[in-house]
S.K.: 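The following block contains the structure, expressed as structure tokens.
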Amino acid sequence: MIGKRLLILAACANFGIALLHALIPFMGVNGYIYFGTSELALLESQGSPVPEIATWFLALVFAGFGFYCLSGAGTIRRAHAVQPVSALQ
């Protein structure tokens with residue numbers, strides 16, 4: 001019972017972090033500076049697509065972990081390889 005609640009809490013945290021990463025590219029250079037990635041802010045100011053790609057990739061990774069947490073908690077359909085992925089978190 002406590003494990004299920006912890007997995008749901010972890011899923012919420014992962015989805016929150018994913019949402020944050022999805023919003024940062026829309027904030028532009030100031031968003032990257034605010035969250036402490038001055039190197040990505042510099043690349044963003046130069047017009048490089050790398051910051052957006054990296055940030056969107058991280059958003060997808062965190063969302064994926066969120067879905068695996070929900071799957072491990074039994075809230076959604078069982079995902080592929082739940083045991084190994086759950087051990088990584």
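Just so you know, these numbers use all the heavy atoms, side chains as well, and skip hydrogens, waters and symmetry mates. Just so you know, residue 1 is the first one in the sequence shown, and it goes up from there.
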S.K.: Other hydrophobic cluster members with Leu19, side-chain heavy atoms of Ile/Leu/Val/Met/Phe/Trp/Tyr under 4.5 Å, chained?
M.R.: Leu23
S.K.: How many angstroms lie between CG in Leu43 and CD1 in Ile53, if you round to the nearest 0.5 Å?
M.R.: 11.0 Å
S.K.: How far apart are the closest heavy atoms of Lys4 and Ala73, and which atoms are they?
M.R.: CE-O, 3.3 Å
S.K.: Rounded to the nearest 0.5 Å, how far apart are CG of Leu7 and CG of Leu70?
M.R.: 8.5 Å
S.K.: On a heavy-atom basis, which atom in Ala11 and which in Cys69 lie closest, and how many Å separate them?
M.R.: CB-CB, 3.7 Å
S.K.: Taking all non-hydrogen atoms of both residues into account, name the closest pair between Ala63 and Phe15 and its distance.
M.R.: O-CE2, 3.5 Å
S.K.: Between atom CZ of Phe57 and atom CZ of Phe62, what is the distance when rounded to the nearest 0.5 Å?
M.R.: 10.5 Å
S.K.: Distance-only criterion, 3.5 Å: show the donor-acceptor pairs between side-chain atoms of residues 28-41 and protein atoms not counting sequence neighbours.
M.R.:
unit_1	atom_1	unit_2	atom_2	d
Tyr32	OH	Pro51	O	3.3
Tyr32	OH	Thr55	OG1	3.3
Thr37	OG1	Tyr32	O	3.0

